[in-house]
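Remember, it's 1-based here, ligands and their atoms both numbered in the order they're listed. Note that the structure is a prediction, hence the values are computed from the model and not measured.
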Amino acid sequence: MPEPKFTETFAIVGTFVHSSTENPLIKLEDHCLGVADSKIVFLQKCDANLQTTLLDHNIAAESVIYLEDRQFLVPGFVDTHIHASQYPNCGKGLDEGLLSWLQKYTFPVEAKFADLEYASDTYSKVISRVIKNGTTTACYFATIDTDATLRLCDIVDKAGQRAVVGKVNMDQNSPDFYKEETTQSYRNTVRFVQEVLKRKYQLVKPCITPRFAITCCMDLMKQLGQLARTHQLHVQTHICETKDECNMVQKLFPENKSYTDVYEEAGLLTQKTVLAHGIYLSKEERELIKRRRSGISHCPNSNLSIRSGLLDVKDCFEDDIAVGLGTDISGGYSPSIMDAMRTAISTSNTIAMQRGPSYTPLDYKDVFRMATLGGARVLDMDDIIGNFEVGKEFDALIIDPKAPTSVIDVFENDTIEDVIQKFVFLGDDRNISKVFVAGRDLSLEKVVVEQ
Ligand SMILES: [Zn+2]
């Protein structure tokens, strides 16, 4: 077979695995999916009508790619919460709880990004790494430094990844070496947003990013809320990650009914708001989040690694709140959403052991949907990505369970469900043989970004 050509218009024949709102795991064997101008133009059974469909879409025979035995296609992974700037600390410094961890490890590394060369080098490394791990869309925290955050946008754009990127705001309860004055913090954010919009990136959008209520005064958060409304921007922040943090927010904002109410008063809760963690939200707070249609990023690796707590995702599902997965580098030590899927299962299993047999934990199908369509819904992008619905952008991964050096052993009697489960529990970047974003093959070996 000649080397497949992923040109602007092509089709793929094989097994497709994706989710819908009703069904967390849909398997379509012996199907063909067509891509034209970055979008999915058809998805149908390989039957007698296929030739006509290919002709209708001007897809030549040499542009039809056939997946190999046991390979399958999944939607690209969505990482709803990742601190690109904390990547140098990935896999170290996990001996402190959140508030002291920020002071001891996190703020010092984020302060280094004032050096643009350091920023370029580090951001290139993290973008390369997460794309190899199948993250086609990411919601990035950068740092308080505007120019370095703009550099991150450039690097993401050049790499071809889909993303929302935020310049972090911090004007209180922060160390002198890593803190902004309130007016400057707002002005720099305006400059960041205007500059990103002016650059007209195809897939990169600016995001309003107050770090969390502890490090931002109400005046600043209100101005940021207004800025988000004016430009219809995404908002990302942290909420109810640890008990100490919740207690401190209560002391800092005694007038507010709850942590969530602080963000509500600031006008930061919208359909485009991503709230990371949410472990200690009350029922009332979840109802408010549901009313505002904001989403929650579940970051199980981080929650276990810095011992923040266990989020009961089932509570959020019962309240019809969108929940996606986040790596939360570097509170989480893994840059992989595949790791987030299985750690979400471990967390849910732990809750199930505490609750007893009447509790049904998340299974591999649930976390697969959270990693794809769920994440897209959290980012309010489920109308353009998240599954293989015709009309959506083609963000996808070719999964190869039998790749060289793969740690997955596939047996003859393994069904497609068995292979998917094995991938969820054992898969890593070696099993991701192609990464597509908006129909473009990101050619993994060429991801390293030149400045
Ligand atoms: Zn975080």
* Can you tell me if an N/O/S atom from C299 lies under 2.8 Å from the Zn ion (ligand 1)? -> no
* **Which N, O or S atom of H81 lies nearest to the Zn ion (ligand 1), by name** => NE2
* Of all the heavy-atom pairs spanning T372 and F77, show the shortest one and how long it is. => CG2-CD2, 4.0 Å
* Check whether any side-chain heavy atom of V126 lies under 4.5 Å from a side-chain heavy atom of Q86, and answer yes or no. => no
* To do: Measure the spacing between CD of E180 and OG1 of T215 and express it to the nearest 0.5 Å.
  => 9.0 Å
* Angle, NE2 of H83 through the Zn ion (ligand 1) to OD1 of D328 - 10° precision -> 90°
* To do: Answer yes or no for H277: is there an N/O/S atom below the 2.8 Å cut-off from the Zn ion (ligand 1)?
  => no
* Structure fact -> Interatomic distance, CZ@F436 vs CG@D441, rounded to 0.5 Å, equals 5.0 Å
